[in-house]
Amino acid sequence: MMRISSIINGEEYKDETRKSLEVKNPYNQEVVAKMALAKEEDLHEAIDVSFSTFHDTMKEMPAHKRADILRKAADLLEERENDFAQIISREAGKPIKFSRGEVQRSVQVLRFASEQAKDINGEVIPMDAAIGGQGRLGFTKRMPLGVVAAITPFNFPLNLSLHKLAPAIAAGNTIVFKPAEKTPVSAYMLVKLFHEAGLPVGALNLVLGLGEELGDPLVEHDKVHKVTFTGSLPVGRRIREKAGFKKVTLELGSNSPNILFEDADVNEVVTDLVKGAFAFSGQVCISAQRIYVHRSLLESFLAEYKSQTEDLTIGDPLDEHTDFGPMITEEAAERAKTWIDDAVKNGAKIETGGEQNGTLLTPTIMTNVKSDMKIIADEVFAPIVSIIPFDTEQEVVQAANDSIYGLQAGVFTKDINRAFRVADQIEMGGVWINEISTYRQDNHPYGGVKQSGIGREGVKYAIEDMTEMKFYGVKLK
Ligand SMILES: NC(=O)c1ccc[n+]([C@@H]2O[C@H](COP(=O)([O-])OP(=O)(O)OC[C@H]3O[C@@H](n4cnc5c(N)ncnc54)[C@H](O)[C@@H]3O)[C@@H](O)[C@H]2O)c1
Ligand SMILES: O=C[C@H](O)CS(=O)(=O)O
């Protein structure tokens, strides 16, 4: 069994005086690792080291050097795809084919960041635009911020961590990295990989511990300049309250809608929407949670959707054939099951699935749902999808927007005018036309409106949020 700990200034903290936590495989409860928990004093040390390394080293490091480190990290990660994929599957319970996909995306994120590190630009400001401006030169530069606190969730433990670490390094910041307590092993391996790639050890400090203990002191600390968080809405709200004047990026939850108009091609879209709802047991923030189907397509869509869902291979995440595995914990599966039961009590129908045993909740399709049921109104973050008929464009746009969330949506139609009209009306950070809500390419701007969050990721956009614009003016003689 592996023993892992925080890594501060390149040093590990494994001594027996620290409390520890077992990291368990959600599929079979195998102990994957034992994690030594950081104390608050360790956190303060990590922040101090990050602060001094920013001033001594990172803020002066040239862009080509930061780009080299990121490129080297991408190459190392590519070589170690299998090691990282195996560990993600063991600590998160993610089917191995999706874990491999996550590692491949993570390599891309590092390459995007390596390229972007050399392209962080300011702009020239026209100084003859206002009376009296003539004879002056004005321009902007983008400056690194200092210490970035990166707090990440369990569901994409590698890629969503890299969406914070890679832009922070590209911009010349230093980082205190607090990954999810359920999935710390890939984070530990990633920090070591960055150090091996040549990143100064004090520029990336890993703090392993409980969010409820370390969260506030990290977010409130004066030497932290920015907090970038991906996770749940309640924690996001708390961070927003505690962060004061710091810059904050919040990537939170969603109950993503997908809309199939009457001219959508059912055969083309069903397979993608099955994957979009059930990949990693629905524990994806842009999972297809609500599928609105034009009433004329309902019968054929539901029959095909149900048949493909029932064909999913359920099993051990480490088996190459597995499509569908456990949820992260038994409590998460039980919570989702109570939402199904509540909906059924109020008239909803289970078309398939709905059976829970330990961490497993079978892929569940619901119909006859109402907008105030939790499985519609809240983020399910579980393998539960609702199929909802509609008649008119106006009605479906209203239903899709009837949510506190607004992350990403999918709209399926052959009518280009309708596609753009609906996309304009949908209140989301991103809308896909003829693609599922669950699709994301790692360089497009990504983030939510409403209570899905604040700010944008997608390397270039995260860099913008991890730098400060500074104005320089010159009065010419
Ligand atoms: N929008 C996105 O890009 C995106 C991506 C992935 C996941 N998510 C969301 O994440 C959630 C699931 O992930 P999770 O269960 O790991 O989320 P979570 O909010 O429980 O935990 C996320 C991180 O926050 C830490 N944390 C807990 N309490 C804290 C506190 N008081 N202060 C600071 N940090 C604290 C945790 O230790 C963990 O590292 C879902 O809601 C999902 O939609 C959003
Ligand atoms: O869970 C939400 C993630 O943002 C999905 S993805 O990793 O960006 O595809």
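Indexing begins at 1, ligand by ligand and atom by atom, following the structure's order.
With a 6.0 Å cutoff to the six-membered ring centre and a 45° limit on the axis angle, K450 does not count as a cation-pi contact of Y405. For the pair R456 and Y446, the cation does not sit on the ring face, since its NZ or CZ is not both under 6.0 Å from the ring centre and inside 45° of the axis. For the pair K94 and Y27, the NZ or CZ position fails the cation-pi test of under 6.0 Å to the six-membered ring centre and within 45 degrees of the ring normal. Relative to the six-membered ring of F154, K182 misses at least one condition, a distance below 6.0 Å or an angle of at most 45° to the axis.
Polar contact check, S254 against ligand 1: no nitrogen or oxygen pair lies under 3.5 Å apart. Checked by distance only, ligand 2 and N155 come closer than 3.5 Å through their nitrogen or oxygen atoms. At a 3.5 angstrom cut-off on N or O pairs, E181 counts as close to ligand 1. Of the polar atoms of I151, none of the N or O atoms is found under 3.5 Å from an N or O of ligand 1, judged by distance alone. Not one N or O of V219 is nearer than 3.5 Å to an N or O of ligand 1, by distance alone.
At the shortest separation from atom 28 (N) of ligand 1 among protein heavy atoms lies G211 C, 3.6 Å. Protein heavy atom closest to atom 38 (C) of ligand 1, with residue, atom name and distance, is T152 O, 3.3 Å. With hydrogens left out, the protein atom closest to atom 2 (C) of ligand 1 is C285 SG, 3.3 Å, a heavy atom. The single protein non-hydrogen atom nearest to atom 19 (O) of ligand 1 is S232 OG, 2.6 Å, given as residue, atom name and distance. Atom 1 (N) of ligand 1 has L252 O, 2.6 Å as its closest protein atom, hydrogens excluded (heavy atom only). What sits closest to atom 33 (C) of ligand 1 on the protein, heavy atoms only, is G215 CA, 3.4 Å. Scanning the protein heavy atoms around atom 14 (P) of ligand 1, the nearest turns out to be F154 CD2, 3.8 Å.
The shell of residues lying under 4.0 angstrom from ligand 2, judged by heavy atoms, excludes H163. Note on ligand 2: Y446 sits in its first shell, one or more heavy atoms being nearer than 4.0 Å. Using a non-hydrogen distance threshold of 4.0 Å, F156 does not register as a contact of ligand 1.
Classification of K164 and E457 as a salt-bridged pair holds, one side-chain N sitting under 4.0 Å from a carboxylate O. Between E12 and K192 there is a salt bridge, since at least one side-chain N of the basic residue sits less than 4.0 Å from a carboxylate O of the acidic one. Ion pairing of E320 with K97 is absent here, as no side-chain N (NZ or NE/NH1/NH2) approaches a carboxylate O to less than 4.0 Å. A salt bridge links E78 with R111: the distance from a Lys NZ or Arg NE/NH1/NH2 to an Asp or Glu carboxylate oxygen falls below 4.0 Å. A salt bridge does not link R71 to D75: none of the charged nitrogens lies less than 4.0 Å from a carboxylate oxygen. Between D465 and K247 there is no salt bridge, since no side-chain nitrogen of the basic residue lies less than 4.0 Å from a carboxylate oxygen of the acidic one. Checked for salt-bridge contact, E22 and K34 miss the test: no charged N lies under 4.0 Å from a carboxylate O.
A donor-acceptor contact closer than 3.5 angstrom is absent between the side chains of Q289 and S386. Between T174 and T53, the side chains place no donor N or O within less than 3.5 Å of an acceptor N or O (distance only, hydrogens not considered). Side-chain contact, Q441 with R105: no donor N or O sits under 3.5 Å from an acceptor N or O.
For the residue pair R3 and Y188, the shortest heavy atom distance occurs at O-OH, 4.2 Å.
Close approach of ligand 1 to Y446 (heavy-atom distance below 4.0 Å) involves ligand atoms 3 (O). Residue contact check: V284 has heavy atoms under 4.0 Å from atoms 1 (O), 5 (C) of ligand 2. Close approach to F156 involves these atoms of ligand 2, each under 4.0 Å from a residue heavy atom: 1 (O), 5 (C), 7 (O). Residue contact check: R105 has heavy atoms under 4.0 Å from atoms 6 (S), 7 (O), 8 (O), 9 (O) of ligand 2. Under a 4.0 Å criterion applied to the non-hydrogen atoms of P179, ligand 1 contributes the atoms 39 (O). Ligand 1 places these atoms under 4.0 Å from at least one heavy atom of G253: 43 (O).
By the criterion of a heavy-atom distance under 4.0 Å, the side chain of L160, and not its backbone, is placed next to ligand 1. Residue contacts with ligand 1 for V284 are absent, since no atom lies close enough (heavy atoms, distance under 4.0 Å). Contact annotation: for E379 versus ligand 1, heavy atoms closer than 4.0 Å belong to the side chain alone. Counting heavy atoms under 4.0 Å from ligand 1, residue F381 touches it through the side chain alone. Contacts between R238 and ligand 1 below 4.0 angstrom, taking non-hydrogen atoms only, involve the side chain exclusively. Residue contacts with ligand 1 for S452 are absent, since no atom lies close enough (heavy atoms, distance under 4.0 Å).
For NZ of K39, the number of neighbouring non-hydrogen atoms (other residues, nucleotides, ligands) closer than 6.0 Å is greater than 12.
In the candidate list C285, S254, P153, C285 is nearest to atom 3 (C) of ligand 2, counting heavy atoms.
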